[in-house]
Amino acid sequence: MEYFNDYIKATSELIKINSVESSKIDGKPFGAGVDDCLKKALSIAESLGFKTFYGDGYYGYAEIGEGEEMLGILGHLDTVPIGNDWTIPALGGDIIDGFLCGRGVLDDKGPIMATLFATKELVDSGFVPNKRIRIIFGCDEESGWECIDKYCEREEIPTIAFTPDGDFPVINCEKSVSYFNVHLKKPKFITNIQGGERANMVMDKIECTVSDEIAAILPADNEFGVMVCGNNLTATGKSAHGSSPQTGDNALWKIVKFLGGYDTSAKNISQIICNTDGSGYNIKCEDEISGKLTINIGMISCDKDNITLSLDVRHPLCLTREELYKKLCNTFSFGTVEYGFFHNPLYIAPDHPLCTKLLSAYESVTGEKLQPITIGGGTYARALPVAVAFGPIFPNQESTIHQKNERAKLTDLKKMYDIYLKAIEELTK
């Protein structure tokens, strides 16, 4: 029996639930929406014959099979904020022109539900796995990983694992992820400046209010596309995942470059921050295993005296968090830098059986013989001793993760589903 159509229906149901993290309420640590989504996913899993567990709203899991060893599959049900300017229903879960649409279809509701239904189809075909299969639903991946920290504190750790929250063919190396907040003295000519929703999202809109003195000399027409309306400046860009900021268009750059033509302090800041490779910050680097550093400014805010920039840095194995901090302190010697969220890097050897079996599953479905890759993204794989990220984005495929109009072709979802089914079989036979 094929479960693909049932999988699409179930994913659509989850997309309809707004699972952006919100304030804790009534014992729901990440808000009502995330909790509703978790309970819905567990209800679906239970209806398929899985044993389920609800971890106090922090996480849940669905398990099937027997054995001392365990294959873990980790995904998340929370999403980044919806953002602006969607032209399709963000919470519709609709099929439009051959695409399943809505926030979370790729990151990560669609992929984790694919593993659930693929497991069910595999078991119903008569296959008997040689280890338990546990599908773990996280609820705080986009905002801090408290969910997976709780899981690791309380629960059994899988023997081997993968997370369907990255790229195909297999991600065996993930750069370190370091967040920093940079506090700078607010220039006198800026009254207010606000932009961005998360450190790991490229800013797609920013608003700035300036003093009468500088407003009087700013032209309405400018090469940066900044809208000038009296004292109010607005710039729009294109959102993208913080691990690949070069694919977005940061609205903050437009504002600071524009203001840099009329103020020395803005010009100096623009020369530091208007890049994604760290060159302006004096942190540019790369190594053979993990590749190049990337940096994103995901948020900017201010109070009466200071401006705060929220930085998301994905740095290669050759640069430690402490070394990075020292370099940023030197660059921003006129301000202060404070540590934020951090993830250690991940590296699993390409010839490890986990990698080779997943690559074999990928090749059996696609016909493509490829090698493992490195990413800047931070996935749940880092949380476990033996784990990698595996899909859902195919090589050279346009990704709408963390962007408006998030969507996935049904044909790509079917191919992804078939790969996961084969991968689960390979890892449990």
Side-chain angles (χ1 to χ4, degrees), residues 14 17-42 45 52-63 70 72-82 103-104 107-109 111-113 134-158 161-166 174-181 196-201 241-243 296 298-299 310-314 321 338-346 376-385 387 389 401-402:
L14 293 188
I17 302 172
N18 186 342
S19 55
V20 176
E21 182 180 347
S22 57
S23 299
K24 180 176 181 179
I25 182 172
D26 298 331
K28 301 168 183 177
F30 308 120
V34 175
D35 196 71
D36 288 346
C37 196
L38 174 60
K39 289 176 178 175
K40 180 64 175 179
L42 293 175
T52 62
F53 179 81
Y54 173 78
D56 300 328
Y58 289 97
Y59 61 88
Y61 62 77
E63 185 175 303
M70 181 204 299
I73 305 173
L74 301 84
H76 64 93
L77 299 172
D78 62 310
T79 72
V80 295
I82 292 171
R103 179 59 87 213
D107 187 24
D108 189 34
K109 295 177 181 180
I112 192 59
M113 293 304 288
R134 180 178 289 185
I135 297 168
I136 304 165
F137 301 103
C139 296
D140 182 37
E141 196 271 349
E142 300 290 3
S143 302
W145 285 34
E146 189 177 0
C147 55
I148 199 64
D149 290 341
K150 288 287 186 184
Y151 178 90
C152 291
E153 288 172 9
R154 299 175 175 180
E155 306 291 347
E156 180 182 356
I157 301 301
F162 72 85
T163 177
D165 190 24
E174 297 181 11
K175 301 172 191 174
S176 297
V177 180
S178 295
Y179 286 10
F180 299 94
N181 287 322
E197 297 180 273
R198 296 279 175 85
N200 65 347
M201 297 174 68
H241 196 289
S243 65
N296 177 59
M299 295 186 292
S310 296
L311 309 184
D312 175 350
V313 188
R314 313 294 171 115
R321 183 192 191 200
E338 64 178 10
Y339 284 112
F341 177 74
F342 173 69
H343 277 319
N344 283 311
L346 173 146
T379 75
Y380 279 151
R382 299 169 188 259
L384 301 178
I401 289 176
H402 287 204

Closest non-hydrogen atom pair, [X] against [Y]:
X	Y	result
Tyr380	Cys139	OH-N, 4.0 Å
Pro385	Ile157	CD-CG2, 3.6 Å
Gly72	Pro158	N-CB, 3.6 Å
Ser178	Arg321	OG-CG, 3.7 Å
Ala41	Leu14	N-CD2, 4.0 Å
Ile112	Gly75	CD1-N, 3.5 Å

List in chain and number order the residues that pass side-chain hydrogen bond (donor to acceptor under 3.5 Å, both in side chains) with [X], two or more places apart in sequence or in another chain; answer none if no residue qualifies.
X	result
Arg198	Ser143
Asn200	Glu142
Thr52	none
Ser19	Lys109

Problem set entry | Spatial distance of atom CD (Glu146) from atom CZ (Phe30) [nearest 0.5 Å] | 4.5 Å
If you look only at distance, which donor and acceptor atoms sit under 3.5 Å apart when one is on a side chain in residues 148-155 and the other is two or more places apart or in another chain?
residue, atom, partner, partner atom, Å
Tyr151, OH, Arg134, NH1, 3.0
Tyr151, OH, Glu156, O, 2.7
Arg154, NH1, Asp56, OD2, 3.1
Glu155, OE2, Tyr59, OH, 2.5

Give every donor-acceptor pair under 3.5 Å between a side-chain atom in residues 32-39 and any protein atom, sequence neighbours left out.
residue, atom, partner, partner atom, Å
Asp35, OD1, Tyr54, OH, 2.6
Asp35, OD2, Lys39, NZ, 3.0

Exercise. Can you name the residues that form a side-chain contact (heavy atoms from CB on, under 4.5 Å) with Ala387, not counting sequence neighbours?
Worked result: Ala161, Ala381, Leu384
Exercise. Got a sec, which residues hit salt bridge (charged side-chain N to carboxylate O under 4.0 Å, His left out) with Lys40, two or more places apart in sequence or on another chain?
Worked result: Glu13
Exercise. Sequence neighbours excluded, which residues qualify as salt bridge (charged side-chain N to carboxylate O under 4.0 Å, His left out) partners of Glu141?
Worked result: none
ring-ring contact (aromatic ring centres under 6.0 Å, His included) with [X]: which residues, sequence neighbours excluded?
X	result
His343	Trp145, Phe341
Phe162	Phe390, Tyr420
Tyr339	Phe180, Tyr325

For this session: Could you tell me whether the side chain of Arg103 and the main chain of Ile82 form a donor-acceptor pair under 3.5 Å?
Result: yes
Problem set entry | Side chain Asp107, main chain Thr79, donor-acceptor under 3.5 Å | no
For this session: Measure the shortest side-chain to side-chain distance between Glu197 and Val80 over non-hydrogen atoms and say whether it is less than 4.5 angstrom.
Result: no
Problem set entry | Note, Ser176 side chain near Phe342 side chain (heavy atom, < 4.5 Å) | yes
Problem set entry | Candidate list Asp140, Thr163, Asp165, test side-chain hydrogen bond (donor to acceptor under 3.5 Å, both in side chains), partner His76, passing option | Asp165
